[in-house]
Protein chains: 2
Amino acid sequence: MSKSTQREDHLKALYALGESQSSSWVSTTQMASHLGVKPPSVTAMVQVLAELGWAEHRPYHGARLTPTGRKLALSLVRKHRLWETFLVDRLGFGWEEVHDIAEQLEHVDSVALVERLDAYLGHPQTDPHGDPIPKADGTFHPEGEVLVLAELDPLVCCEVKAVREGSDATLSAMSAKGIALGSVLTPAQIEALPAAWLDQLMVCKTVDDGSID
Amino acid sequence: MSKSTQREDHLKALYALGESQSSSWVSTTQMASHLGVKPPSVTAMVQVLAELGWAEHRPYHGARLTPTGRKLALSLVRKHRLWETFLVDRLGFGWEEVHDIAEQLEHVDSVALVERLDAYLGHPQTDPHGDPIPKADGTFHPEGEVLVLAELDPLVCCEVKAVREGSDATLSAMSAKGIALGSVLTPAQIEALPAAWLDQLMVCKTVDDGSID
DNA sequence: CATGATTTTTAGATGCGCCTAAAAATGGTG
DNA sequence: CACCATTTTTAGGCGCATCTAAAAATCATG
Ligand SMILES: [Mn+2]
Ligand SMILES: [Mn+2]
Ligand SMILES: [Mn+2]
Ligand SMILES: [Mn+2]
């Protein structure tokens with residue numbers, strides 16, 4: 001009893017949901033909705049992960065990764081983001097097309113493959129959505145400070161650094177509006193953006209605001 | 001009920017074994033040994049493939065692909081060989097390292113991915129083992145005439161065009177002896193080769209025999 | 001061409017991952 | 001603090017892919 005696509009996806013969900021909130025304890029309902037399955041299925045899987053030593057399960061409370069489970073989850077995130085980078089940078093896919101494909105590729109089991117792919121891509125630090133790529137040892141490159149666009153208080157020029165949680169359709173719409181990683185947004189442009197995007201776009205203030213002076 | 005890794009691997013086995021012999025009817029025992037499972041498992045799977053319209057099953061006789069099943073099998077062979085080409089040409093793997101990885105990658109489901117990969121690789125006609133890569137429509141590029149080295153009657157200089165059925169260890173040993181696609185073998189060299197290799201190496205006679213004249 | 005050896009299929013079971021329905025635990029409210 | 005609504009787990013069942021053991025069909029041989 002060991003790795004499988006399903007177990008790996010549950011592990012990743014546990015990691016992603018645990019990171020996205022204050023407590024690392026994740027409810028089975030949360031996971032179920034994230035993974036598109038029913039809560040009893042998650043309960044069953046979480047119990048398996050617990051037997052494998054990859055997660056802790058406190059009944060009626062939630063589940064969280066063990067250190068071992070976290071390492072495995074990070075290696076999956078690494079693979080997912082490296083493959084996304086390959087698909088966009090080398091094969092020319094749009095950033096809205098790659099998630100589902102990487103969701104499959106991440107489960108290919110070969111340490112040599114991941115490491116060669118990483119080298120081939122030039123050891124990228126972020127994926128096409130601006131998300132950081134964990135290193136082989138499970139640590140991250142020091143990340144530049146970013147803030148969510150919604151919290152940019154005095155509306156100033158800023159540069160798009162990442163897009164969080166975007167559906168493929170949203171990513172597509174952003175592309176159509178000329179938004180990509182590295183795009184500089186002016187206050188006027190920001191005001192014209194759909195409200196929902198403000199919670200998804202991660203930016204940093206630009207020193208040079210791009211205006212004529 | 002549709003595609004799955006297991007069904008796809010059975011389909012490929014049916015194709016490979018059917019091609020490698022005079023009749024396209026393949027016994028369940030043959031498939032079982034090829035796939036590393038027991039004959040009853042193959043019987044069950046072949047019955048599923050028959051329900052899907054991908055194979056015909058004549059009980060106590062054997063199974064063979066339908067035209068639909070053949071198209072599916074060819075698309076798997078195409079994916080397998082394109083990925084092997086990627087792994088060797090782009091990632092720098094040795095030809096003995098790529099089969100098992102491609103065995104996983106071939107099941108990734110995305111038409112766009114295969115076609116972009118094919119273009120990225122420059123529409124290669126053969127894989128790292130010299131095997132032809134089926135085109136997207138399931139046809140092959142016209143293949144140069146090759147013969148198995150064992151049947152080279154007057155021992156003359158020849159060029160290695162492909163290696164059939166090599167285990168990873170054999171491929172490794174061939175590499176170590178300097179044998180690669182395109183290598184030119186002299187009669188003296190051929191005589192020094194392990195007997196088993198003569199059935200695996202596909203060659204064509206070279207016009208220029210490489211000797212000093 | 002009958003009989004025994006071999007191949008192949010069927011029967012019955014297991015583990016995985018999912019489901020629905022029911023039971024159990026939790027937690028907010030009067 | 002007792003009750004009810006909600007969340008979560010358990011119970012029971014299903015489809016897939018595999019196995020072993022037994023039955024059935026085929027083949028080979030005298
Ligand atoms: Mn996945
Ligand atoms: Mn991403
Ligand atoms: Mn395979
Ligand atoms: Mn090959």
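Order of the sequence lines fixes the chain letters, A, B, ..., with proteins taken first and strands second; residue numbering starts at 1 for each chain.
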J.: Separation of Glu51(A) atom CD from dG15(C) atom P, in whole Å?
T.: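 From Glu51(A) CD to dG15(C) P: 12 Å.
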
J.: Compile the donor-acceptor pairs under 3.5 Å between side chains in residues 189-200 of chain A and protein atoms, sequence neighbours left out, one pair per line.
T.:
| residue | atom | partner | partner atom | Å |
| --- | --- | --- | --- | --- |
| Gln189(A) | OE1 | Thr186(A) | N | 2.8 |
| Gln189(A) | OE1 | Thr186(A) | OG1 | 3.3 |

J.: May I ask you to evaluate whether Gln47(B) reaches the phosphate of dT9(C), defined as a side-chain N or O under 4.0 Å from OP1 or OP2?
T.: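 For dT9(C), OP1/OP2 do not have a side-chain N/O of Gln47(B) under 4.0 Å.
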
J.: Between C1' on dT26(C) and CH2 on Trp25(A), what's the gap in Å once rounded to a whole number?
T.: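 That distance rounds to 16 Å.
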
J.: Scan Pro40(B) against the nucleic acid and name what it touches under 4.0 Å (heavy atoms): base, sugar-phosphate only, or nothing.
T.: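 Base contact.
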
J.: Find the distance Arg58(A):CZ to dA24(C):P and express it as a whole number of Å.
T.: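 The answer, rounded to whole Å, is 22 Å.
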
J.: Quick one: Tyr60(B) OH to dA5(C) C1', roughly how many Å, whole number?
T.: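 So the OH-C1' distance, Tyr60(B) to dA5(C), works out to 15 Å.
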
J.: Between Phe86(B) and Tyr120(B), how do the two ring planes meet: parallel, tilted or perpendicular, split at 30° and 60°?
T.: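 Correct class here is tilted.
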
J.: Between dC18(C), dT9(D), dC19(D), which nucleotide has the shortest distance from any of its atoms to the side chain of Thr43(A)?
T.: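 Of the options given, the side chain of Thr43(A) lies nearest dT9(D).
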
J.: Nearest whole Å is fine: how far is dT9(D) C1' from Met45(A) CE?
T.: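 Computing the Met45(A):CE to dT9(D):C1' distance gives 16 Å.
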
J.: Would you say a side-chain N or O of Gln6(B) is under 4.0 Å from OP1 or OP2 of dC16(D)?
T.: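 The answer is no; no side-chain N or O of Gln6(B) sits under 4.0 Å from OP1 or OP2.
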
J.: OP1, OP2 of dC19(C) versus side-chain N and O of Ser41(A): anything below 4.0 Å?
T.: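 True: Ser41(A) side-chain N/O within range (under 4.0 Å) of dC19(C) OP1/OP2.
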
J.: Given atom CZ of Arg7(B) and atom P of dG15(D), what is their separation to the nearest angstrom?
T.: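 Atom-to-atom, Arg7(B) to dG15(D), this comes out as 13 Å.
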
J.: Reckon Ser4(A) has a side-chain N or O less than 4.0 Å from the OP1 or OP2 of dG17(C)?
T.: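 Affirmative; the distance criterion is met.
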
J.: Kindly write out the residues that satisfy salt bridge (charged side-chain N to carboxylate O under 4.0 Å, His left out) with Glu97(A), not counting sequence neighbours, or none if the list is empty.
T.: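 Salt bridge (charged side-chain N to carboxylate O under 4.0 Å, His left out) list for Glu97(A), sorted by chain: empty.
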
J.: Do the side-chain N and O atoms of His80(A) and Glu84(A) include a donor-acceptor pair separated by under 3.5 angstrom?
T.: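 There is such a pair between these side chains.
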
J.: Whole angstroms only, please: what is the NE2-P distance between His61(B) and dC27(D)?
T.: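 Going from His61(B) (NE2) to dC27(D) (P), I get 8 Å.
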
J.: Could you check Pro59(A) against Gly36(A) and say which one's nearest nucleotide on DNA chain C is further toward the 5' end?
T.: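 Its nearest nucleotide lies further toward 5', so the answer is Gly36(A).
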
J.: Checking contacts here: which listed nucleotide (dT9(C), dC18(C), dT18(D)) is nearest the side-chain heavy atoms of Ala44(B)?
T.: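 Closest of the options to the side chain of Ala44(B): dT18(D).
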
J.: Under 6.0 Å from the NZ atom of Lys135(A), do we count more than 12 heavy atoms belonging to anything else shown?
T.: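 Atom NZ in Lys135(A) is packed in, count exceeds 12.
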
J.: May I ask you to evaluate whether Thr28(B) reaches the phosphate of dT7(C), defined as a side-chain N or O under 4.0 Å from OP1 or OP2?
T.: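 No.
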
J.: Without decimals, in angstroms, what is the distance between Lys3(B) NZ and dA17(D) P?
T.: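 Nearest whole value for this atom pair: 15 Å.
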
